[in-house]
Participant: 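Sending over a structure as structure tokens; questions will come in a sec.
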There are 2 protein chains.
Amino acid sequence: MRILITAGGTSEKIDEVRAITNHSSGKLGKAIAEAFLTDPQVSVDYLTTRQAVHPSNESLDMHLIETTQDLESRMRQLMTEHTYAAVIHSMAVSDFTPDSSVTMEELQSVIATDPADLAQAVRRRTQTRTEKKISSDTDHLVIILKKNPKIIQLIKELQPDTILVGFKLLVDVPMLELLSVAEKSLEKNQADFILANDLAEISGEKHHGYLINRNHKVKEAHTKTEIAELIKQEVQKLEETK
Amino acid sequence: MRILITAGGTSEKIDEVRAITNHSSGKLGKAIAEAFLTDPQVSVDYLTTRQAVHPSNESLDMHLIETTQDLESRMRQLMTEHTYAAVIHSMAVSDFTPDSSVTMEELQSVIATDPADLAQAVRRRTQTRTEKKISSDTDHLVIILKKNPKIIQLIKELQPDTILVGFKLLVDVPMLELLSVAEKSLEKNQADFILANDLAEISGEKHHGYLINRNHKVKEAHTKTEIAELIKQEVQKLEETK
């Protein structure tokens, strides 16, 4: 079977030298790829960034991207060319991308003259500028970001029959809140599984995660290797019932 | 002689999972360290980030930092413990660091009630929140950034006798503008040299740079290796006249 794994974190340009990045080492994606590749029947397309750690196995097909836009177009391309038994979407994708940047003085002057649709008014203001690197000659800089498309929602649109494993990372929340947010994400994105995890419970190889399925069953794992093994087993089990 | 080299780019936290990063591969800093280390009389403290490429030479002392604040405290510490013949500050340092983040709706409500000192009013608003990860349930997010201290200005304050090599990177500007901005940086930061370069003239090992000194002399180089060699020669020449 052929599977698609995404890993690492996207990076969104502010200007030619600055970007907003989503921290994600790519280690969990690497562990997942290595777990699947112990099965010689599996071939893997691996979508990641230059900065992330990469699986050592040479038998996978590596595709490097940078921004959420890159991710979207590469994913559309791969999912048009190939049929995947499963898509494991562990990449941390920016919810927002920089739309415009102004100094606080510029923002104040936009507010004074055109207070209704601020995002649009600020964008208009920046279009009159010529510099490619934002001036640093101000005390406060303001970056306005706009929503990115939800990449995970593309997956079942493009291939309704693929097994989709999504990921939900929260920061230092009660376990019940984590599981309930993960269930909502499962419904909204038509995922078959969501791996729910909390940044406060990740350090090095130690990685606490809950794998939730469509029947509200939850399985627990405590390291990246355990999570990778669990995802592989559950995906293969579901694949066999199809 | 003992020298301090900084390389790579700082990264400033927006929240627990997002950051603003300055793109810098660290390749030029690596080339500079390797040029100096061909001289067995030279020992190098190397201040960089985990993401940057690292020099292979094991004889240097590596110090890893992440944010501009880390850089400042580590630099103060090293420059208190050691006397450096030269400091070569090639690290791309964020001019700004995130101060607060709000949804556009929150910003509009702050503007309506408290329009005078927006930066402060927004900061106050965010302090009433409890989430550690910013909500993505909005069309536009607004990040307000405040100015970072100028790290380069610390160097001559701490060690007036060290030879300071600063760097100025602009994006796609005429050569005369680049040189004039570099001269201003040389004056303002009491640097002995500024390496002026333009992102539009950097790709792979090809790297066009101008090294400007206090007598307004300009020397040119065309690759990272040439720049590294030029900096090493000029620093050693100046050191010998002291």
Side-chain angles (χ1 to χ4, degrees), chain A residues 9 11-25 50-52 66 92-101 103-104 107-108 111-112 115-120 122-123 131-148 150 169-173 199-200, chain B residues 9 11-25 50-52 66 92 94-101 103-104 107-108 111-112 115-120 122-123 130-148 150 169-173 199-200:
Chain A
S11 170
E12 308 286 316
K13 271 190 180 184
I14 298 171
D15 59 19
E16 292 301 312
V17 296
R18 282 170 272 226
I20 296 184
T21 52
N22 269 50
H23 284 303
S24 175
S25 63
R50 194 183 56 77
Q51 290 82 12
E66 199 173 307
V93 180
S94 289
D95 294 320
F96 294 90
T97 191
D99 187 38
S100 55
S101 310
T103 63
M104 181 58 88
L107 177 65
Q108 292 278 19
I111 291 169
D117 186 342
L118 264 191
Q120 204 197 12
V122 166
R123 196 181 314 127
E131 299 83 19
K132 292 191 184 166
K133 192 176 165 183
I134 303 157
S135 165
S136 61
D137 194 20
T138 177
D139 280 344
H140 290 96
L141 202 68
V142 181
I143 304 177
I144 298 181
L145 303 103
K146 64 176 180 210
K147 211 169 190 135
N148 266 330
K150 285 281 180 196
L169 177 70
L170 294 180
V171 182
D172 206 10
V173 297
L199 194 63
Chain B
S11 172
E12 309 284 317
K13 272 190 181 184
I14 298 171
D15 59 18
E16 291 302 313
V17 296
R18 284 170 272 226
I20 296 185
T21 52
N22 269 49
H23 285 304
S24 175
S25 64
R50 194 183 56 78
Q51 291 81 12
E66 199 173 308
S94 290
D95 294 320
F96 295 90
T97 192
D99 187 39
S100 54
S101 309
T103 63
M104 181 59 88
L107 177 65
Q108 293 278 19
I111 291 169
D117 185 343
L118 264 191
Q120 205 198 9
V122 167
R123 196 180 315 127
T130 51
E131 299 83 20
K132 293 191 182 166
K133 193 176 165 185
I134 303 158
S135 164
S136 61
D137 192 19
T138 176
D139 281 345
H140 290 96
L141 202 68
V142 182
I143 304 178
I144 298 182
L145 304 102
K146 64 177 180 209
K147 213 171 188 134
N148 266 330
K150 284 282 180 197
L169 177 71
L170 295 180
V171 183
D172 206 9
V173 297
L199 194 64

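Per chain, numbering begins at 1; letters A, B, ... match sequence-line order.
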Participant: Work out which heavy atom in A/F96 is nearest to a heavy atom in B/D139; give both atom names and the distance.
Facilitator: CE2-O, 4.0 Å
Participant: How long is the straight-line distance from CG of A/D117 back to NE2 of B/H140, given to the nearest 0.5 Å?
Facilitator: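 The CG atom of A/D117 is 7.5 Å from NE2 of B/H140, to the nearest 0.5 Å.
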Participant: Is A/S11 in contact with chain B via its backbone, its side chain, both, or neither, using a 4.5 Å heavy-atom distance?
Facilitator: side chain
Participant: Please name all residues satisfying side-chain hydrogen bond (donor to acceptor under 3.5 Å, both in side chains) with B/R50, sequence neighbours left out, ordered by chain then number.
Facilitator: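 Here no residue qualifies.
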Participant: Would you give the length of the straight line joining atom OG1 of A/T21 to atom CD of B/Q51, rounded to the nearest 0.5 angstrom?
Facilitator: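 Rounded to the nearest 0.5 Å, the OG1-CD separation comes out at 8.0 Å.
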Participant: Give the minimum heavy-atom separation between A/H23 and B/A19, together with the two atoms involved.
Facilitator: NE2-CB, 3.4 Å
Participant: Measuring from atom CD1 of B/I144 to atom CG of A/L107, what distance do you get when rounded to the nearest 0.5 angstrom?
Facilitator: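 That separation rounds to 7.5 Å.
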Participant: Go through the structure and list residues passing side-chain hydrogen bond (donor to acceptor under 3.5 Å, both in side chains) with B/T97, not counting sequence neighbours.
Facilitator: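 With sequence neighbours excluded, B/T97 shows a side-chain hydrogen bond (donor to acceptor under 3.5 Å, both in side chains) to B/E12, given in chain and number order.
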Participant: Do A/V142 and B/L118 have side chains that approach each other closer than 4.5 Å (heavy atoms only, starting at C-beta)?
Facilitator: no
Participant: To the nearest 0.5 Å, how far apart are CD1 in A/I14 and CD1 in B/I143?
Facilitator: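 Going from the CD1 atom of A/I14 to the CD1 atom of B/I143 covers 7.0 Å.
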Participant: As an exercise, state the distance from NZ of B/K147 to CG of A/L141, rounded to the nearest 0.5 Å.
Facilitator: 9.5 Å
Participant: Within the 4.5 Å heavy-atom criterion, are A/D95 and B/R18 side-chain neighbours or not?
Facilitator: yes
Participant: Heavy-atom distances under 4.5 Å only: say whether A/I20 touches chain B with side chain, backbone, both or neither.
Facilitator: both
